[in-house]
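Report on the structure given below.
Keep in mind that this is a model prediction, so the values were computed, not measured.
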Amino acid sequence: MIGPPGVPGPPGDIIQPLPIQQASRKNRRQAEDDDGVQGDEAAGMADYDMEATADMEDVFGSLNNLKQDIERMKFPMGTQDNPARTCNDLHLSQPDFPDGEYWIDPNQGCTGDSFKVYCNFTAGGETCIYPDKKSAGVR
């Protein structure tokens with residue numbers, strides 16, 4: 001059984017708006033004051049707005065790149081450019097893929113150290129690594 005709600009908590013802290021938000025919010029008094037602003041000051045504020053806009057575009061561009069990187073990790077394709085961590089991970093994200101050769105990168109670092117393996121999806125996503133030719137002969 002759930003009891004009645006408790007007393008409301010104290011008000012939260014005031015969060016300062018970002019510079020780009022401050023520049024776009026003007027009340028009537030500020031708009032009237034801006035009409036009397038000298039040319040140099042107005043140009044300086046315009047430069048600030050342009051810089052803030054460019055900075056925000058950089059931030060959103062970086063966030064978009066991170067989002068794409070996360071999507072590539074969540075749904076790997078098993079290619080050299082987009083390797084999976086293991087064949088099992090590839091099988092979980094792409095259950096319709098057939099058995100065959102795919103690229104994996106177990107340490108999920110850069111794709112430069114990924115390597116080709118055979119993925120046996122009919123056995124539940126087994127990873128079969130090809131033997132290294134350098135260590136094939138032991139006397």
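SG distance check for Cys119 and Cys87: under 2.5 Å.
Atom CG in Asp69 sits 10.0 Å away from atom CG in Asn82 (nearest 0.5 Å). Separating the SG atom in Cys128 from the CG atom in Asn120 is a distance of 5.5 Å, to the nearest 0.5 Å. A distance of 10.5 Å separates CD1 in Ile104 from CG in Asp113, rounded to the nearest 0.5 Å. Between the CG atom in Asp105 and the CG atom in Asp89 there is a gap of 11.5 Å [rounded to 0.5 Å]. Distance check: Thr86 OG1 to Gln108 CD gives 9.0 Å after rounding to the nearest 0.5 Å.
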Does the side chain to side chain contact (heavy atoms under 4.5 Å, CB included) test come out yes or no for Thr127 and Ile129, once each step is laid out? CA-CA 6 Å; Thr127 302; Ile129 301 173; 4.3 Å; yes
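Smallest separation of non-hydrogen atoms from Leu90 and Ala84: CB-CB, 3.7 Å. For Lys74 against Ser93, the heavy-atom pair with the smallest separation is O-CB, 3.6 Å. For the pair Tyr130 and Lys116, the tightest heavy-atom approach, listed with the atom from each and the gap, is CD1-O, 3.6 Å.
No side-chain donor-acceptor contact under 3.5 Å links Tyr102 and Gln94. In this model, no donor atom of one side chain and acceptor atom of the other lie less than 3.5 Å apart for Ser62 and Asn64.
Taking hydrophobic clusters as Ile, Leu, Val, Met, Phe, Trp and Tyr residues chained together by side-chain heavy-atom distances below 4.5 Å, Leu66 does not share a cluster with Val59.
For the pair Asp99 (side chain) and Phe121 (backbone), a donor-acceptor distance under 3.5 Å is present.
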